[in-house]
Amino acid sequence: MTGLILRGSKNIFFVQSGAENRVFECRIKGKILKGVETYYNPLAPGDRVVFEPDGAGGGRITALVPRRAVFTRGNQKELGRARSAASQIIAANVDQAVCVTSPASPPFRPRFIDRVLVQAESAAIPAVIVCNKADLPFDEEAEDRLADFARIGYEVLRVSARSGAGMDALKRLLYGKLSLLAGQSGVGKSSLINRLSPDLAVRTGAINEKYDRGVHTTTMSSLLEIPIEADGDVSAPLKTFIIDTPGVRRFAPDGVSVRELALYMREFAPFAGSCAFGASCSHTGEKGCAIIEAVESGRIHVDRYESYLRMRAEMPAR
């Protein structure tokens, strides 16, 4: 039988299969599942697998169906000890990455967004920015950076899980797709899901007032079906899925080297091959660097360039 991974950790995975969407509690058959040796975790929500039911509600996973569009990040637990740590798969077979942020409570974090966008670009996954809590005031930095994200071609939605503002646009964005929701703790990913589908009753948490940041409530990534109706009369309505992920305070792009980074920042890429030193230019201070010239002329936002420098300092030199 084949099935869809909903969630799981270590060697226990919940697999949905069949016309009745039955869920099986499965384990991997043998010690290693072919095709996942380079990853910290063998499977992730969105994966499709082959499994053998055991007749008692469980089963053994025997094979992984080839993936498309894998969204990963650097494994934070291992990065402190080794730069060559295995990648951590966040979601598989996704149609789009939705980076959720907020203008305040917790504060707007554009550098986190920059990192998620780089990861999505490197995996060829379309990315969208959803700014929740749009009922709160936006300061000058948030307005400026959101405008720049739109300028360079990213769709930016302003929504409010509390008031419902912008939710119709969000439904249209999500309809018929498998979307990954990524964001820092406290930005309201779970609140958005509850607004979209109250029956799911996803647990939410309050903001830590002392540090003005979110408290973890989602403990593992989970694939959820969201009942969104199509606009107009559709003979064969599509299903909509979301992969809800635990909030993280820091996101490390995975599988991107210093030589590749500029290519995955979409407004940098057109200038990357025009530097006086060509492909060997680090874009950190060389004379005749086309990217630095673009920053000085305003074609690249100075804060995006600062994000580039910070990410570059953390990446392998290969």
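- Note that the SG atom of Cys289 and the NE2 atom of His283 stand 5.5 Å from one another [nearest 0.5 Å].
- Residues Phe24 and Ile61 share a single hydrophobic cluster, defined by chaining ILVMFWY side chains whose heavy atoms lie under 4.5 Å apart.
- Residues Val50 and Met1 are not in side-chain contact: their nearest non-hydrogen atoms beyond the backbone lie 4.5 Å or more apart.
- Just one residue in the list Arg310, Arg145, Arg109 forms a salt bridge (charged side-chain N to carboxylate O under 4.0 Å, His left out) with Asp114, and that residue is Arg145.
- Between Phe149 and Tyr154, the ring planes lie perpendicular to each other; the angle is over 60°, past the 30° to 60° tilted range.
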Should Ile242 and Leu196 be marked as a side chain to side chain contact (heavy atoms under 4.5 Å, CB included) after you check the CA-CA gap, both sets of side-chain angles, and the distance that decides it?
-> CA-CA 11 Å; Ile242 282 176; Leu196 292 165; 3.9 Å; yes

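- In terms of hydrophobic clustering, with Ile, Leu, Val, Met, Phe, Trp and Tyr side chains grouped at heavy-atom distances under 4.5 Å, Val65 and Ile5 are assigned to different clusters.
- Heavy-atom minimum distance, Val128 versus Glu155: CG1-O, 3.4 Å.
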Taking it one step at a time, do Asp244 and Lys189 satisfy salt bridge (Lys or Arg N to Asp or Glu O under 4.0 Å)?
-> CA-CA 7 Å; Asp244 185 23; Lys189 297 187 302 299; 5.2 Å; no

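- Across all their heavy atoms, Ser122 and Val256 have their closest contact at CB-CG2, 3.8 Å.
- Here the CD-CG distance, from Gln119 to Leu117, works out to 11.0 Å after rounding to the nearest 0.5 Å.
- Remark: side-chain polar atoms of Arg115 are paired, donor with acceptor, to backbone N or O of Phe251 under 3.5 angstrom.
- Looking at Arg27 and Arg60, their side chains come closer than 4.5 Å, going by heavy atoms from C-beta outward.
- Put simply, the side chain of Asp254 never gets that close to the backbone of Ser87: no donor and acceptor are under 3.5 Å apart.
- The nearest pair of heavy atoms linking Ile243 to Ala91 is CD1-CB, 3.5 Å.
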Show your reasoning for whether side chain to side chain contact (heavy atoms under 4.5 Å, CB included) applies to Glu267 and Arg299.
-> CA-CA 8 Å; Glu267 76 276 39; Arg299 288 173 290 177; over 6 Å; no

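- The minimum heavy-atom distance between Pro42 and Phe13, with the atom names listed, is CG-CZ, 3.8 Å.
- Ion pairing of Glu52 with Lys29 is present here, as a side-chain N (NZ or NE/NH1/NH2) and a carboxylate O approach within less than 4.0 Å.
- Taken from CG in Leu180 to OG1 in Thr245, the straight-line distance is 5.5 Å, to the nearest 0.5 Å.
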Any chance you could lay out the salt bridge (Lys or Arg N to Asp or Glu O under 4.0 Å) test for Asp303 and Arg111, step after step, and finish with the verdict?
-> CA-CA 8 Å; Asp303 202 47; Arg111 301 205 198 289; 2.9 Å; yes

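- In this structure, Tyr308 has its ring center closer than 6.0 angstrom to the ring center of Phe268.
- With Glu286 contributing its side chain and Thr284 its backbone, the two residues share a donor-acceptor pair below 3.5 Å.
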Mind running side chain to side chain contact (heavy atoms under 4.5 Å, CB included) on Lys177 and Val94 for me, showing each step along the way?
-> CA-CA 8 Å; Lys177 297 183 175 71; Val94 296; over 6 Å; no

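- Residues Phe241 and Leu224 form no side-chain contact, since every pair of their non-hydrogen atoms from C-beta on lies 4.5 Å or further apart.
- Using a 4.5 Å cut-off on side-chain heavy atoms (C-beta onward), Pro106 and Ser185 make no contact.
- There is a path of hydrophobic side-chain contacts, each under 4.5 Å, that joins Leu173 to Ile228.
- The backbone N or O of Gly153 sits less than 3.5 Å from a side-chain atom of Arg266, completing a donor-acceptor pair.
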Evaluate side chain to side chain contact (heavy atoms under 4.5 Å, CB included) for His301 paired with Asp144, printing each intermediate quantity in order.
-> CA-CA 10 Å; His301 197 292; Asp144 182 44; 2.6 Å; yes

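- Considering only heavy atoms from C-beta on, Leu178 comes within 4.5 Å of Leu223 through its side chain.
- Judged purely by atom type and a 3.5 angstrom limit, Asn41 has no side-chain atom pairing as donor or acceptor with the backbone of Gln88.
- Residues Arg312 and Ser282 have side chains in contact (heavy-atom distance under 4.5 Å, counting atoms from C-beta outward).
- To the nearest 0.5 Å, atom CD of residue Glu143 and atom CD of residue Glu141 are 11.5 Å apart.
- Not one N or O on the side chain of Asp47 forms a donor-acceptor pair closer than 3.5 Å with the backbone of Arg67.
- Under the 6.0 Å distance and 45° angle rule, Arg7 counts as a cation-pi partner of Phe14.
- Side chain of Arg22 to main chain of Ser17: no donor-acceptor pair is present (N/O by atom type, distance under 3.5 Å, no hydrogens or angles).
- Checked by atom type and distance alone, the side chain of Ser197 never pairs as donor or acceptor with a backbone atom of Asn194 at under 3.5 Å.
- Here the straight-line distance linking atom OG of Ser221 with atom CD1 of Ile89 works out to 11.0 Å at 0.5 Å rounding.
- Under a hydrophobic clustering in which Ile, Leu, Val, Met, Phe, Trp and Tyr are joined whenever their side-chain heavy atoms come within less than 4.5 Å, directly or via other members, Ile90 and Ile129 fall into different clusters.
- The side-chain heavy atoms of Arg195 and Val159, taken from C-beta on, include no pair separated by under 4.5 Å.
- Not counting sequence neighbours, Asp54 has no partner by the side-chain hydrogen bond (donor to acceptor under 3.5 Å, both in side chains) test.
- Side chain of Glu121 to main chain of Val118: no donor-acceptor pair is present (N/O by atom type, distance under 3.5 Å, no hydrogens or angles).
- Nearest approach of Ala290 to Cys275, heavy atoms of both residues: N-SG, 3.3 Å.
- The structure places CD1 of Ile113 at 8.5 Å from CD of Gln184, a figure rounded to the nearest 0.5 Å.
- Panel note: side chain Asn93, backbone Gly46; a donor-acceptor pair is recorded below 3.5 Å.
- Under the 4.5 Å side-chain heavy-atom criterion for ILVMFWY residues, no single connected hydrophobic cluster contains both Leu263 and Ile152.
- Residues Ser163 and Asp135 have side chains that never bring a donor and an acceptor to within less than 3.5 angstrom of each other.
- When the side chain to side chain contact (heavy atoms under 4.5 Å, CB included) test is applied to Pro103, the partners found at least two apart in sequence or on another chain are Cys131, Lys133, Leu136, Phe138.
- In this structure, Val49 and Thr2 have side chains that are not in contact, with every pair of non-hydrogen atoms separated by 4.5 Å or more.
- The shortest heavy-atom contact between Leu181 and Val100 is CG-CG2, 4.2 Å.
- Judged as a side-chain hydrogen bond (donor to acceptor under 3.5 Å, both in side chains), and not counting sequence neighbours, the contacts of Arg151 are Asp148.
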